[in-house]
Amino acid sequence: MFLKKYGDIMVGLFFMAISAIMMGMAMALPKSKVMDIGPDFMPMVIGSVTFVLAAVLTFLNVKNYRLHAAELKNVTIESCDYKRVLSSMILVLIYVFTMKPIGFLISTLVYLPLQMLVLAPDGQRDKKHVIQLIVINVLFTLIVFFLFRYGFKIVLPAGIFTITL
């Protein structure tokens, strides 16, 4: 019952705390002497965006709590699909530990469609949706790779293949 009433507020406060810690740790990173953008740039951007979104989530849920309090009395929480949660956690761990030896491109091209299939609803696992997931996967991976390589001048792990694009 407590999670039904205060779940989104707790999640918002949790992510505000995590993002504040992340921004604090990013400030402790050494500054770059070569360029204006240092290793603290992306963690600060991600932390700031996360903090703002978590604050908005918390604010809106506190503001609208009384409006939805009557609706929450009759709500039942669906049971959790532990198989998908466990599969997702295992995939993330495999991805993290294989990124450096295999490289960003290959590990991401393998990880993303598998993760999307695990998280996709049962009705969206047909051939048409799988092809869409693969196209999204390839486009997203290449965009992120080139954005980091040429936009941020950050080289992602090359792994077993040295790519000089």
Side-chain angles (χ1 to χ4, degrees), residues 1-65 68 77 80-120 133-134 136-165:
M1 185 65 178
F2 181 79
L3 288 176
K4 285 185 214 175
K5 287 184 178 181
Y6 306 110
D8 285 338
I9 295 170
M10 290 174 26
V11 168
L13 293 173
F14 173 76
F15 276 102
M16 285 172 64
I18 292 293
S19 61
I21 292 168
M22 182 177 170
M23 289 187 295
M25 292 174 72
M27 286 185 218
L29 291 172
K31 302 295 178 198
S32 176
K33 296 176 182 172
V34 179
M35 26 186 340
D36 294 334
I37 296 176
D40 63 333
F41 176 71
M42 280 310 289
M44 287 299 288
V45 168
I46 293 169
S48 301
V49 170
T50 304
F51 188 87
V52 168
L53 292 175
V56 168
L57 176 70
T58 304
F59 174 75
L60 291 177
N61 279 289
V62 168
K63 179 182 170 191
N64 295 328
Y65 174 72
H68 299 292
I77 298 176
C80 182
D81 189 356
Y82 293 106
K83 182 179 174 185
R84 287 187 189 199
V85 171
L86 185 62
S87 300
S88 184
M89 289 172 43
I90 290 170
L91 281 172
V92 168
L93 287 174
I94 292 171
Y95 176 65
V96 167
F97 288 114
T98 59
M99 175 148 349
K100 189 170 183 177
I102 295 176
F104 172 79
L105 282 175
I106 295 173
S107 60
T108 304
L109 286 171
V110 171
Y111 164 74
L112 276 181
L114 292 175
Q115 185 69 280
M116 288 183 210
L117 282 174
V118 166
L119 297 176
L133 293 179
I134 290 172
I136 291 169
N137 171 38
V138 172
L139 289 174
F140 175 78
T141 303
L142 291 176
I143 288 170
V144 168
F145 177 77
F146 286 115
L147 178 68
F148 272 79
R149 185 70 171 242
Y150 297 109
F152 301 137
K153 306 284 190 221
I154 297 173
V155 179
L156 295 170
I160 55 178
F161 299 113
T162 304
I163 300 170
T164 54
L165 297 175

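Here, residue 1 is the first one in the sequence, and each next residue gets the next number.
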Can you see which heavy atom on Ile136 is nearest to which on Met116, and at what distance? CG2-CE, 4.2 Å
Whether over 12 other heavy atoms sit under 6.0 Å from Phe97 CZ: no
Spatial distance of atom CG (Leu86) from atom CG (Leu91) [nearest 0.5 Å]: 9.5 Å
For the atom pair OG1 (Thr141) and CG (Asn137), what is the distance rounded to the nearest 0.5 Å? 4.0 Å
Sequence neighbours left out, cut at 3.5 Å: what donor-acceptor pairs do the side chains of residues 101-115 make with other protein atoms?
{"from": "Ser107", "atom 1": "OG", "to": "Gly103", "atom 2": "O", "distance (Å)": "2.5"}
{"from": "Ser107", "atom 1": "OG", "to": "Phe104", "atom 2": "O", "distance (Å)": "3.3"}
{"from": "Thr108", "atom 1": "OG1", "to": "Tyr95", "atom 2": "OH", "distance (Å)": "2.7"}
{"from": "Thr108", "atom 1": "OG1", "to": "Phe104", "atom 2": "O", "distance (Å)": "2.7"}
{"from": "Tyr111", "atom 1": "OH", "to": "Gln115", "atom 2": "NE2", "distance (Å)": "2.8"}
{"from": "Gln115", "atom 1": "OE1", "to": "Ser88", "atom 2": "OG", "distance (Å)": "3.0"}
{"from": "Gln115", "atom 1": "NE2", "to": "Ser88", "atom 2": "OG", "distance (Å)": "3.2"}

For the atom pair CZ (Phe148) and CE (Met42), what is the distance rounded to the nearest 0.5 Å? 4.5 Å
dist Tyr82:OH -> Ser87:OG (nearest 0.5 Å) comes out at 14.0 Å
Give every residue pair that meets the salt bridge (charged side-chain N to carboxylate O under 4.0 Å, His left out) criterion with at least one member in residues 84-103, sequence neighbours excluded. Asp81-Arg84, Arg84-Asp122
If you look only at distance, which donor and acceptor atoms sit under 3.5 Å apart when one is on a side chain in residues 44-59 and the other is two or more places apart or in another chain?
{"from": "Ser48", "atom 1": "OG", "to": "Met44", "atom 2": "O", "distance (Å)": "2.7"}
{"from": "Thr50", "atom 1": "OG1", "to": "Ile46", "atom 2": "O", "distance (Å)": "2.7"}
{"from": "Thr58", "atom 1": "OG1", "to": "Ala54", "atom 2": "O", "distance (Å)": "2.9"}

What is the distance from atom CZ of Arg149 to atom CG of Leu147, rounded to the nearest 0.5 Å? 13.0 Å
